[in-house]
Amino acid sequence: MGRCAQPRAGLPCRPRGRRPTFGCLTRGFALATENSDARRNDSADGSGASGLEQLARDLLLQVASLTEELRKANLIQLHRIMAEQTGRAMTDSALAEALSTLQGLSEVKRRQVLFVNAQYSAIVLNHRLGAIDWDELIGHMRVWCINRIFQEYWEMTDEHRKSLPQGSLEARVGKAVDAIMADLADDPDEWWVVGPDAEPS
């Protein structure tokens, strides 16, 4: 079981009852390219070369898709670990003090800041994973920016954001939230339309 039968030239092997694995696909591709009869046939009618090129493109697309899925899975797992640590810190004042990078906060305020940071990180992660687009992200931020605790958190973490790499998603979101905060200071009654309309390049 698990071994695949000899594939026809140019076709990946496929064991019964199982989907073709990446290894089978690549072996099938290699066998097709090494088959001298297939190469002679290709040169006669010219159709085989394009078929192999299409197979190669399909394989590359599958590899790219798998790589992207793994990247997203790793991001989700990393966020889950951070969320678990934050949850533990919110129930243990000693852990909260160890996890927080802000000084001089009361126990209650530290828990509030940790919670807001976790929510903010979740919204950014949703955009990074493609669950929400830029307009939806800004919509969430508009709501958060009228929250007093979030406003305090944003002011406290201003120095932290200055160390973000220019052009990173976190930096772009930070600039957008700064714009929302500035607009709210000028006209707090129009909170649902404040901030940037388009994603910065």
Roughly how far, to the nearest 0.5 Å, is [atom2] of [Y] from [atom1] of [X]?
X      : Y      : atom1 : atom2 : answer
His160 : Glu170 : NE2   : CD    : 14.5 Å
Ile81  : Thr86  : CD1   : OG1   : 12.0 Å
Gln112 : Asn147 : CD    : CG    : 9.0 Å
Leu55  : Leu60  : CG    : CG    : 9.5 Å
Thr91  : Arg111 : OG1   : CZ    : 7.5 Å
Ser65  : Leu70  : OG    : CG    : 9.5 Å

Q) Given the rule in the side-chain contact (heavy atoms from CB on, under 4.5 Å) test, do Met141 and Met181 qualify, once you have shown the distances and angles that lead to the verdict? A) CA-CA 10 Å; Met141 290 297 98; Met181 291 291 194; over 6 Å; no
Q) Does the pair Arg110/Glu107 count as a salt bridge with the N-to-O cut at 4.0 Å? A)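 Result for this pair is no, no salt bridge flagged.
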Q.
For Glu190, is there an ion pair with Arg142 - N to carboxylate O distance below 4.0 angstrom?
A. no
Measuring only between side-chain heavy atoms, which start at C-beta, is [X] closer than 4.5 Å to [Y]?
X      : Y      : value
Val113 : Thr157 : no
Val143 : Trp191 : yes
Asp178 : Arg161 : yes
Met156 : Leu105 : yes
Pro188 : Ile146 : no

Q) For Phe150, what residues pass the ring pair (Phe, Tyr, Trp, His ring centres under 6.0 Å) criterion, not counting sequence neighbours? A)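 Checked Phe150 against ring pair (Phe, Tyr, Trp, His ring centres under 6.0 Å); matches are Trp144, Tyr153, Trp154.
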Q: Check the pair Leu99, Arg88 against side-chain contact (heavy atoms from CB on, under 4.5 Å), reporting the backbone distance first and the verdict last.
A: CA-CA 10 Å; Leu99 185 62; Arg88 292 176 60 190; over 6 Å; no
**Q.** Pair listing, side-chain hydrogen bond (donor to acceptor under 3.5 Å, both in side chains) test, anchored in residues 76-85, at least two apart
**A.**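 Sorted result for residues 76-85: Gln77-Arg80.
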I'd like to know if the side chain of [X] and the backbone of [Y] have a donor-acceptor N/O pair within less than 3.5 Å.
X      : Y      : answer
Asp183 : Gly195 : yes
Thr67  : Val63  : yes
Glu136 : Asp133 : yes
Ser100 : Glu97  : no

Q) Where do Leu129 and Leu75 land on the side-chain contact (heavy atoms from CB on, under 4.5 Å) test, with the steps shown first? A) CA-CA 8 Å; Leu129 295 176; Leu75 286 173; 4.1 Å; yes
At their closest point, which heavy atom of [X] faces which heavy atom of [Y], and how far apart are they?
X      : Y      : answer
Leu164 : Ser168 : CB-OG, 4.4 Å
Pro165 : Ala171 : O-CB, 3.4 Å
Ala89  : Leu114 : CB-CD1, 4.0 Å

Q: Would you please test Val177 and Val173 for side-chain contact (heavy atoms from CB on, under 4.5 Å) and show each step?
A: CA-CA 6 Å; Val177 175; Val173 175; 4.2 Å; yes
(Q) By the definition side chain to side chain contact (heavy atoms under 4.5 Å, CB included), identify the one residue from Leu125, Ile138, Leu137, Val124 that meets it with Ile132. (A)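 The residue from Leu125, Ile138, Leu137, Val124 that satisfies side chain to side chain contact (heavy atoms under 4.5 Å, CB included) with Ile132 turns out to be Leu137.
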Q | From CA spacing to verdict: side-chain hydrogen bond (donor to acceptor under 3.5 Å, both in side chains), Arg57, Gln54 | A | CA-CA 5 Å; Arg57 284 194 292 269; Gln54 182 60 48; 3.0 Å; yes
Q: Examine Val193 and Trp134 and state if one hydrophobic cluster contains both, with Ile, Leu, Val, Met, Phe, Trp and Tyr joined whenever side-chain heavy atoms are less than 4.5 Å apart.
A: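 Yes, one cluster joins them.
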**Q.** Within one Ile-Leu-Val-Met-Phe-Trp-Tyr cluster: Ile149 and Ile180, side-chain cutoff 4.5 Å
**A.**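 Same hydrophobic cluster.
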**Q.** By side-chain contact (heavy atoms from CB on, under 4.5 Å) - contacts of Ser106 (at least two apart)
**A.** Val108, Lys109
